[in-house]
Amino acid sequence: MKLPQSYYLQEDVVAIARDLIGKKIVTMVGDQLTSGMITETEAYRGYDDKACHAHLGKFTKRTQVMYENGGVAYVYLCYGIHNLFNIITNTQDHADAVLIRAVEPVDGVEVMLKRRNKLKLDKTLTSGPGNFSKAFALDKTHYGAFLTGDLVWIEENELFRFRESEITTTTRIGIDYAQEDKDLPWRFYLNTSKFISKR
DNA sequence: ATAGCGATGAGCT
DNA sequence: GCTCATCGCTATA
C-alpha cells in the first residue's frame, strides 16, 4: 500500500509529479491521522531549473536534504509564515523535488479544521501549499523525514480512477524570478476537483 | 552583523 | 487587483 522507496528513486521528476495526482497522502502526527488525495503538484528539477532551490548545485543548510536519495521530505518556511512540503526524488546528488500544492481531504477532516482554526469544510482547508501543510501538521520537524516511515507517507489509491483529460498541465506559480524557466509546464492538477490552489 | 527577500494566504476593494 | 503579515535563509561584508 505505502509507496516503496524505489518509486521516489525514478529519475523523471516531472513524470513523478504528474503520477502523484490521485494518490493518497497520509500523516500521523501526535496520534492524529489525516489523509487526502493529491490534486495539485509542481516539479522542481535540481541542477538546471532556475526555479529550484538547488539550481546549479546550490548547497546550503536548507537545501542539503534535497541531495539525498529520493523518498525524504523537504520542508521549508516561505514568507516567514508558511511551511511548504516537498518530496525529494531521484538518486543521491540529483536534487529534484515535487511540491504538494493541494489535496482533497479524506480522513481526519475534524482534525484538519481544528489545525486551521476553521468551523466548516471548504476548498480553502487544504488547497494551496501552505494551507495543505498546516492542515496535515507538516512543518520543519518533518525536514528529512523518510516517506517509508510512520509519520508521513503516500499510498496507491486503488479505488480512484480518472481520465487523462482530467489532468491539466500548466506553468508553476510564484516563480517569475526564474526567467526562461518560469513558463515550463511543470504544474499538474486534477481539473475535476474543487481543491485546487489556482486554475 | 545585517539587508533583502520569498515555490503564500487572507482580507479588503 | 492590492496590501501586508512575518521570519529564516542567503549573500555580502
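A, B, ... follow the sequence lines: proteins, then strands. Residue 1 opens every chain.
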Can you name the residues that form a salt bridge (charged side-chain N to carboxylate O under 4.0 Å, His left out) with Lys134(A), not counting sequence neighbours?
none
Test item: side-chain donor near acceptor, His94(A) and Tyr47(A), under 3.5 Å
no
Specify the residues of residues 77-102 of chain A, ordered by number, for which at least one heavy atom lies under 4.0 angstrom from an atom of DNA chain C.
Leu77(A), Tyr79(A), Gly80(A), Ile81(A)
Looking only at side-chain N and O atoms, does Tyr177(A) come under 4.0 Å of OP1 or OP2 in dC5(B)?
no
Quick one: label Lys140(A) by what it contacts on the DNA or RNA (base, sugar-phosphate, nothing), any heavy atom closer than 4.0 Å.
sugar-phosphate
In whole angstroms, how far is the C1' atom of dA7(B) from the CD atom of Glu40(A)?
11 Å
Using whole Å, report how far OH of Tyr74(A) lies from C1' of dA7(B).
9 Å
Heavy atom of residues 44-63 of chain A under 4.0 Å from DNA chain B: which residues?
Tyr44(A), Ala51(A), His53(A)
Do His55(A) and Asp49(A) pass the side-chain contact (heavy atoms from CB on, under 4.5 Å) test, and can you show the C-alpha distance, the side-chain angles, and the key distance before you say yes or no?
CA-CA 6 Å; His55(A) 178 51; Asp49(A) 174 9; 5.6 Å; no
Applying side-chain hydrogen bond (donor to acceptor under 3.5 Å, both in side chains) as the test, list every pair that has at least one member in residues 76-90 of chain A; sequence neighbours left out.
Asn90(A)-Asp96(A)
Filter on salt bridge (Lys or Arg N to Asp or Glu O under 4.0 Å), then keep only pairs touching residues 52-73 of chain A, sequence neighbours left out; what's left?
none
Please collect all ring-ring contact (aromatic ring centres under 6.0 Å, His included) contacts where either partner lies in residues 178-199 of chain A, sequence neighbours excluded, each pair once.
none
For Ile196(A) and dG9(B), give me the distance from atom CD1 to atom P, rounded to whole Å.
13 Å
Dot-bracket for DNA chain C, please, read 5' to 3', with Watson-Crick or G-U wobble pairs under 3.5 Å on both distances, ( ) within the strand, [ ] crossing, | other strand, . unpaired.
|||||.||||||.
Is the number of heavy atoms from other residues, nucleotides or ligands within 6.0 Å of CD (Glu11(A)) greater than 12?
no
Answer yes or no: is there a side-chain heavy-atom contact under 4.5 Å between Arg187(A) and Arg101(A)?
yes
Listed pairs under 3.5 Å, donor-acceptor, residues 29-36 of chain A side chains, sequence neighbours left out:
from	atom 1	to	atom 2	distance (Å)
Thr34(A)	OG1	Thr27(A)	OG1	2.7
Ser35(A)	OG	Asp107(A)	N	3.1
Ser35(A)	OG	Asp107(A)	OD2	2.6

Could you give all pairs that pass the ring-ring contact (aromatic ring centres under 6.0 Å, His included) test and reach residues 130-167 of chain A, with sequence neighbours left out?
Phe132(A)-Phe136(A), Phe160(A)-Phe162(A)
Considering residues at least two apart in sequence or located in another chain, which fulfil the salt bridge (charged side-chain N to carboxylate O under 4.0 Å, His left out) criterion with Arg18(A)?
Glu164(A)
Round to the nearest Å and state the distance from Asp176(A) atom CG to dT8(B) atom P.
10 Å
Within a radius of less than 6.0 Å around NZ of Lys120(A), do more than 12 heavy atoms belonging to other residues, nucleotides or ligands occur?
no
Residues two or more places apart in sequence or in another chain: which of them pass salt bridge (charged side-chain N to carboxylate O under 4.0 Å, His left out) with Asp93(A)?
none
Pairs under 3.5 angstrom, nitrogen or oxygen only, protein versus nucleotides 10-13 of chain B, please.
from	atom 1	to	atom 2	distance (Å)
dA10(B)	OP1	Arg116(A)	NH2	2.6
dA10(B)	OP1	Asn131(A)	OD1	3.4

If I take atom CZ in residue Arg172(A) and atom P in nucleotide dG6(B), what distance separates them, rounded to the nearest angstrom?
16 Å
